[in-house]
Number of protein chains: 2
Amino acid sequence: MANDIPDIVIGRLPIYLRALTHLAAEGESTTTSSYDLGRKLGISSAQIRKDLSHFGEFGKQGTGYNIKYLIEQLRQILHLDREWAIVLVGAGYIGHALSHYQGFQHRGFQILWVFDNDPGKIGRDMNGMRIRNMSELGALVRSEGVKVAILAVPASSAQETTDLLVESGIKSILSYAPINLTVPSDVNVRYTDPVVQLQRMTYYLDS
Amino acid sequence: MANDIPDIVIGRLPIYLRALTHLAAEGESTTTSSYDLGRKLGISSAQIRKDLSHFGEFGKQGTGYNIKYLIEQLRQILHLDREWAIVLVGAGYIGHALSHYQGFQHRGFQILWVFDNDPGKIGRDMNGMRIRNMSELGALVRSEGVKVAILAVPASSAQETTDLLVESGIKSILSYAPINLTVPSDVNVRYTDPVVQLQRMTYYLDS
DNA sequence: TAGATTGTTAATCGATTAACAATC
DNA sequence: TAGATTGTTAATCGATTAACAATC
């Protein structure tokens, strides 16, 4: 988290990247403009230009941005010019869905191993991956230098599992557990809680 | 979205509510302070007090906040003093995981129906719910006045499905499709894309 | 009472937007 | 060339924090 570029800017880059990738797939044009991209995303063109300007000059006056070139640049900025190995912890319903998710491969990630501590699940297959004993996690993660984890365990064991991940060298955690986790300052956690998202929207509904 | 209270404040209230609910479940104390809560969440005590002050005075000098009372107040503010019916659209892996998610019931939501347009899935059972034909969605949602939907369909049909939801009177959409959706200004969309979250974190990893 | 903590004000900090010279 | 669009500066807007009187 130590950098002079605001994290909120970093947070928008994957959104830009995603939209640009769609544009590239459509193949209707080789270029786009900050105005065009902003309209698609509901973001002002000034903000897009400002965000990108933190990292360099990627466009051309009069014509805008070359889509493929900007994609390539964003990939480099976000360190997506390699594939990141992920450990998935928790082989419940959410873990199961994630193990089948097609979106990882083409966007820079691959689930390497799946762990659970339920003896009834350990050794079983989940979408071609053998569910491993959580007790093996530390040694494996350390030996391969894996840095990214997805946490899909119940809230009751989420902090404990997080401590194990941190101790094993994990630096980025995407958590599906509906609880706030405590981690050292050099570890990044992002949360996905559908209920929190829903509750944020019901405020705007007349009850 | 039309209100004078910043959406970013609204976005923190469910987080406060979640933490308070944990505190209440632990039952170690009947009160908490903005300092205590802030430490747990990594938020400043001043921000918590400021956020709450938009809605009233819920604390007491010297003692802090009564946990149960504050929970009750936050529930009212967020319109969670009732149960919201949800339609789940898409009975793939993500829809399947969501249909088993235990966290909805106790936090104000209930999945009422599940829809899909795959003839191979329609009529089948998913965790006790019959998967319905998407063609029935409009009439059912309109007749029951459902306002909240979870979108768990492929990106390729997400916009089309969203249009159907909007047309049927849905006002809040939680989307799992990795694509930006276009909706009228009176409809709220929130996104959940694990890859976007992961990509935001790899920036901070040395590649 | 003394200590703790609120709610609120004002100051600070940071992010977004408007505007435009530069230039493709 | 004329039109379009960038990158950047300065202005504006909004959010966070510090500080403290009020008071439980």
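Letters A, B, ... mirror the listed sequences (proteins, then strands); counts begin at 1.
Using a 4.0 Å cut-off between charged side-chain N and carboxylate O, Asp206(B) and Lys147(A) make no salt bridge. Note on Asp51(A) versus Arg12(A): salt bridge recorded, some NZ/NE/NH1/NH2 to OD/OE distance being below 4.0 Å.
For the 3.5 Å distance criterion, the side chains of Gln159(B) and Asp163(B) qualify, holding a donor opposite an acceptor. A donor and an acceptor atom, one from each side chain of Ser53(A) and Arg49(A), are nowhere located under 3.5 Å apart. Residues Arg200(A) and Asn188(B) have side chains that never bring a donor and an acceptor to within less than 3.5 angstrom of each other. A donor and an acceptor atom, one from each side chain of Asp7(A) and Tyr204(B), are located under 3.5 Å apart.
The stretch residues 53-66 of chain A touches DNA chain C through Lys60(A), Gln61(A), Gly62(A), each having a heavy atom within less than 4.0 Å of the strand. The stretch residues 18-27 of chain A has no heavy atom under 4.0 Å from DNA chain C, so no residue of it qualifies as close.
Among residues two or more places apart in sequence or in another chain, the side chain to side chain donor-acceptor pair (under 3.5 Å) test is passed with Thr182(B) by none. Under the salt bridge (charged side-chain N to carboxylate O under 4.0 Å, His left out) criterion, Arg132(A) pairs with no residue at all, not counting sequence neighbours.
Note on ring orientation: taking the six-membered ring where Trp is involved, the planes of Phe109(B) and Phe104(B) are perpendicular (angle over 60°, cut-offs 30° and 60°). Ring geometry for Phe55(B) versus Tyr203(A): interplanar angle over 60°, hence perpendicular rather than tilted (30 to 60°). Taking the six-membered ring where tryptophan is involved, the planes of His100(B) and Tyr93(A) are essentially parallel, since the angle between them stays under 30° and well short of 60°.
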### Query
In dot-bracket form, how is DNA chain D paired, counting a Watson-Crick or G-U wobble pair only if both its distances are under 3.5 Å and using | for bases paired to another strand?
..||||||||||||||||||||||
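In this structure, CG on Leu112(A) lies 6.5 Å from CD on Glu144(A), to the nearest 0.5 angstrom.
When each of Thr32(B) and Asp51(A) is assigned the nucleotide of DNA chain C with its nearest heavy atom, Thr32(B) is the one assigned upstream, toward the 5' end.
Within the 4.5 Å cutoff, side-chain heavy atoms of Arg107(A) are placed close to those of Val196(B).
Nucleotides of DNA chain C lying under 4.0 Å from heavy atoms of chain B occupy a range whose first and last members, 5' to 3', are dA4(C) to dT9(C).
Ser34(A) comes within 4.0 angstrom of sugar-phosphate atoms only, judged by non-hydrogen atoms across all strands, and of no base.
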